[in-house]
Amino acid sequence: MPELPEVETTLRGIRPRLEGRRIDRLLVREPRLRQPIPPETAALVAGQTVGSLSRRSKYLLIGLDRGSLILHLGMSGSLRVVDAESPPKRHDHVDLALSDGHCLRFHDPRRFGLLLWSEDSPELAGLRHPLLSRLGPEPLDAAFDGGHLYRLSRQRRVAVKSFLMDAAVVVGIGNIYANESLFLARIHPARACHRIGLDRYGRLVEVVRAVLQASITQGGTTLRDFVKDDGNPGYFAQSLRVYGRAGEPCVQCGTPLRQQRIGQRSSFYCPRCQH
DNA sequence: AGCTCAACCTGCTGGC
DNA sequence: TGCCAGCAGGTTGAGC
C-alpha cells in the first residue's frame, strides 16, 4: 500500500488526532516486525506527550518529550485512529493509546513495518539515525534536481529505474511511480543511468514531482477518511498509465505495453515511446 | 564502490 | 472446490 503519497496522506490524516495528546500507553501485541520492537519501548514512551509529526522519506517521525518514535509502514502497513476500546483485528500489531480515549492502531499483515524509539528529536534523528542518515534528498525539495541525478549517475551503470529507486539517490520513489515517471519522461526503464544527459534528467525530475504531487492530491481523495476505513486501492489503478498494464495499448501510441524485470522489480513500459 | 540477490512475511490470484 | 506456484506498493545486508 504505502508509497510516498500514501505515507504523506497518512501523516496529514493522523497529525491533528495526535499532536498535543499524551500517550497513556503503548500496547504491543506483536513485536516481530522487520526489526523487532524492543521490549523496553512501551515503558519509555508511556506518559510522554506528542509534540510534532513529520516525515522523512517513507518514515513517519513522532516527536515526543524526550525523543522520537520512528515508524515505517513497510509493504502492507497502515495506520488508523480508532476508539481505544474497539476490538483489534488480525494483524493489528500495535496500539498507541492516547489520553483522549482514542488510539493510533498499526496494522501490518506482512510485518515489513518498523517501530523504533530514538532519544533524538525528530530533526536530530533525521540526521543521525542509521536508518535515516544516509538518505538522499526528498523528491519535492529543491535539492532534488537534474544536476543531482546527472552527477550521481556518472560513475554508475545500473538501469535508470533502479537508480531512481535507490534511496541514497532520492527517497520516496517506489515501484509504481518509478514506472509512471519514466513513461512520462519517455525514458526506457532499462537504460543505463550514465547514458542519460543533464537535460533529460531535468525533465525526469519535473515529471517525478508532478506525478507525486498529483497522487498526493489523489491519495488524499482516496484515503481522506482512512480514520474510518482503509481507503480504496482500486481507485489509484485508474490513473496509472503503465503500471500493471502489460499487453494493454499505450495511451500515447497504442503499442502494447511490455513488462520486464529490472532489479528484481516488475517494470512496465512502452517499447515505442520510451528509449 | 557498485551491483545482485536473498531475506523478512502474509494474502491474493490464476492455472490446473 | 482445492491445491500450488507466483506475485505484491519496501528495505537491509551479505557476498561478489
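By convention in this document, chain letters (A, B, ...) are assigned in the order of the sequence lines, proteins followed by strands, and residues within each chain are numbered from 1.
Residues S266(A) and Q259(A) bring a donor and an acceptor atom of their side chains to less than 3.5 Å of each other. Side-chain atoms of D24(A) and S99(A) include no donor-acceptor pair closer than 3.5 Å. With no hydrogens or angles considered, no side-chain donor-acceptor pair links H93(A) and D108(A) at under 3.5 Å. In this model, no donor atom of one side chain and acceptor atom of the other lie less than 3.5 Å apart for S118(A) and R128(A).
Atom-to-atom, CG of N175(A) to P of dA8(C) comes out at 8 Å; the value is rounded to the nearest Å. When the C1' atom of dT11(C) is taken as reference, atom CD1 of I70(A) falls 15 Å away, rounded to whole Å. When the P atom of dG9(C) is taken as reference, atom CD of E180(A) falls 13 Å away, rounded to whole Å.
The shortest distance between the side-chain N/O atoms of R265(A) and the OP1/OP2 oxygens of dG10(C) is below 4.0 Å. Side-chain N/O atoms of H72(A) include none lying less than 4.0 angstrom from OP1 or OP2 on dG10(C). For dG9(C), the OP1/OP2 oxygens have a side-chain nitrogen or oxygen of Y243(A) closer than 4.0 Å. Residue R156(A) places at least one side-chain N or O closer than 4.0 Å to OP1 or OP2 of dC3(B). The side chain of R261(A) places an N or O atom within less than 4.0 Å of a non-bridging phosphate oxygen (OP1 or OP2) of dA8(C). One finds a side-chain N or O of S266(A) lying less than 4.0 angstrom from the OP1 or OP2 phosphate oxygen of dA8(C).
Rounded to whole Å, the separation between the C1' atoms of dC3(B) and dG9(C) comes to 23 Å. Between dT11(C) and dA1(B), the distance separating the two P atoms is 23 Å to the nearest Å.
For dA6(B), the paired nucleotide is dT12(C), the pair qualifying as Watson-Crick or G-U wobble because both relevant distances are below 3.5 Å. The base-pairing partner of dG15(B), taking Watson-Crick or G-U wobble contacts with both distances under 3.5 Å, is dC3(C).
Of the two residues near DNA chain B, L33(A) and H91(A), the one whose nearest nucleotide lies more 5' is L33(A). Both R32(A) and C193(A) lie close to DNA chain B; mapped to their nearest nucleotides by heavy-atom distance, the more 5′-ward contact belongs to C193(A). When the nearest nucleotides of DNA chain C are assigned to L131(A) and R110(A) by heavy-atom distance, the more 5′-ward of the two goes with R110(A).
If you check distances only, the side chain of Q155(A) never reaches the base of dG2(B) with a donor-acceptor pair under 3.5 Å.
Using a 4.0 Å heavy-atom distance criterion, Q264(A) is classed as a base contact. Within 4.0 Å of Y59(A), counting heavy atoms only, lie sugar-phosphate atoms of the nucleic acid but no base atom.
Under a cutoff of 6.0 Å and an axis angle of 45°, R241(A) and Y243(A) do not form a cation-pi pair.
Distance from the side chain of F112(A) is smallest to dC9(B) among dT12(C), dG11(B), dC9(B). For R111(A), whose side chain is taken as the heavy atoms from C-beta onward, the closest listed nucleotide among dA8(C), dC9(B), dT11(C) is dC9(B).
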For Q260(A) and Y269(A), what are the C-alpha separation, side-chain angles and deciding distance, and is it a side-chain hydrogen bond (donor to acceptor under 3.5 Å, both in side chains)? CA-CA 8 Å; Q260(A) 176 185 338; Y269(A) 64 97; 3.1 Å; yes
